[in-house]
Amino acid sequence: MYMSVVIVGGNEGMTAQYESICKEHGHKAKVFPKENASLKKKMGTPDLLILFISTVSHKMVIGVTQEAKKNGVPIERVPTSSASALRAALSRYAG
């Protein structure tokens, strides 16, 4: 099942890897590794929001979770920003 995924946080150097992992699972991803003033606007209404909570500021978490809840977007909080943690999170939401 195709999903649009927004990933907030993570390692900036792994942005391309996060996108390719999502592509492997058949999903399209937008990755925001660091704080961005217009993040809430750019986020849109994805099918899933993944938060790498170890690499994201508390303020950023609050902002994006409020936006996601307002739009009914499921939120997956992932403790580490590793490739395997992302794969596990995506597999939990696979059809």
Side-chain angles (χ1 to χ4, degrees):
M1 178 183 94
Y2 166 81
M3 289 193 310
S4 63
V5 179
V6 168
I7 298 171
V8 176
N11 184 329
E12 210 169 340
M14 287 181 62
T15 300
Q17 191 175 351
Y18 297 147
E19 289 171 349
S20 75
I21 290 168
C22 289
K23 203 174 201 176
E24 283 169 24
H25 284 79
H27 310 314
K28 180 147 176 49
K30 285 186 197 172
V31 182
F32 300 98
K34 56 185 184 181
E35 197 124 11
N36 185 326
S38 60
L39 174 61
K40 285 196 270 185
K41 285 187 204 122
K42 289 181 178 174
M43 192 172 106
T45 52
D47 298 309
L48 176 63
L49 170 65
I50 295 177
L51 285 174
F52 286 132
I53 55 176
S54 62
T55 55
V56 143
S57 73
H58 188 67
K59 179 183 161 201
M60 201 167 159
V61 169
I62 290 170
V64 295
T65 53
Q66 283 175 344
E67 191 69 15
K69 285 178 181 172
K70 188 170 80 178
N71 294 315
V73 176
I75 302 166
E76 179 72 20
R77 288 171 177 81
V78 182
T80 63
S81 53
S82 68
S84 58
L86 176 58
R87 282 190 179 95
L90 289 171
S91 66
R92 285 193 287 275
Y93 280 87

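In this structure, V61 is not a member of the same hydrophobic cluster as I50, with clusters built from ILVMFWY side-chain heavy atoms closer than 4.5 Å. Under a hydrophobic clustering in which Ile, Leu, Val, Met, Phe, Trp and Tyr are joined whenever their side-chain heavy atoms come within less than 4.5 Å, directly or via other members, Y93 and Y18 fall into the same cluster. When hydrophobic clusters are built by joining Ile, Leu, Val, Met, Phe, Trp and Tyr residues whose side-chain heavy atoms come closer than 4.5 Å, directly or via intermediates, I21 is grouped together with V5. M14 and V8 are not part of a single hydrophobic cluster, where members link through side-chain heavy atoms under 4.5 Å apart. In this structure, L86 is not a member of the same hydrophobic cluster as I75, with clusters built from ILVMFWY side-chain heavy atoms closer than 4.5 Å.
Taken to the nearest 0.5 Å, the OG1 atom of T65 stands 12.0 Å off from the NZ atom of K70. Atom-to-atom distance recorded for K69:NZ and L49:CG is 11.0 Å, nearest 0.5 angstrom. The distance from the CZ atom of R92 to the CG atom of L48 is 9.5 Å, given to the nearest 0.5 Å.
One N or O on the side chain of K30 and one on the backbone of K42 form a donor-acceptor pair closer than 3.5 Å. Side-chain N or O atoms of N71 include none that pairs as donor or acceptor with a backbone N or O of V73 at under 3.5 Å. Between the side chain of H27 and the main chain of M3, a donor-acceptor pair closer than 3.5 Å is present. In this structure a side-chain-to-backbone donor-acceptor pair under 3.5 Å is present from T55 to G10. Listed for the S4 side chain is no donor-acceptor partner under 3.5 Å among the backbone atoms of K28.
Listed here is the closest heavy atom pair of A89 and E76: CB-CG, 3.7 Å. The two residues G44 and P46 come nearest to each other via the heavy atoms O-CD, 3.4 Å. Nearest heavy atoms, A83 versus Q17: CB-NE2, 3.4 Å. Between A85 and V78 the shortest heavy-atom distance is CB-CG1, 3.5 Å. Of all non-hydrogen atoms in I7 and F52, the two that sit nearest each other are CG2-CE1, 3.3 Å. Summarising the geometry of T80 relative to S54, their closest heavy-atom pair is CA-OG, 3.9 Å, with the distance given to 0.1 Å.
In this structure, the side chains of L90 and C22 come closer than 4.5 Å at one or more pairs of heavy atoms. Considering only heavy atoms from C-beta on, V64 comes within 4.5 Å of M43 through its side chain.
In this structure, E24 pairs ionically with R87, as a charged nitrogen and a carboxylate oxygen lie closer than 4.0 Å.
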